[in-house]
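A short write-up of the structure that comes next.
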Amino acid sequence: MNRSSPELWPETIPGVTEFIARSNSPLSVTESPFGSEKQTTPEWLQEYTEDDINMLHGFGSLTAMALIDKVKELQDLSFQLGLEEDREMTRAKFLNVLSADDSTVKKTHNR
């Protein structure tokens, strides 16, 4: 009786492995001129910095409740920034910093 271990991942359709290796999927592997394989970066991922990717991995490792808490925290921060911006814009309006008339700016610089 033959009790040898079977092949775990047999290639059922010849050439599929090569096709996948040459495709443009995020998991694609291409051959370099020297015969060794290198991992290629997908086009959509090239615009992100390493910090962006690390942040995404951090969000991906959170539990559902922790992610909801983080979203609520970001919403609160966004609301607070909006209030602060509103206060600053009101202050600038009263100080007449943001005038639409260019002559006002010229008059203050000529003094």
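Legend: residues meeting side chain to side chain donor-acceptor pair (under 3.5 Å) with Thr90, ordered by chain and number and at least two apart, are absent. With sequence neighbours left out, the salt bridge (Lys or Arg N to Asp or Glu O under 4.0 Å) criterion links Arg91 to Glu88.
Every pair passing salt bridge (charged side-chain N to carboxylate O under 4.0 Å, His left out) that includes a residue from residues 49-72 is listed here, sequence neighbours excluded: Lys70-Glu73.
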Only distances under 3.5 Å count here; give the side-chain donor-acceptor pairs of residues 78-85 to other protein atoms, sequence neighbours excluded, each with its distance to 0.1 Å.
none

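Using a 4.5 Å cut-off between side-chain heavy atoms of Ile, Leu, Val, Met, Phe, Trp and Tyr, Leu67 falls into a hydrophobic cluster with Met55, Phe59, Leu62. Counting side-chain heavy-atom gaps under 4.5 Å among Ile, Leu, Val, Met, Phe, Trp and Tyr, the cluster of Ile68 also holds Met65.
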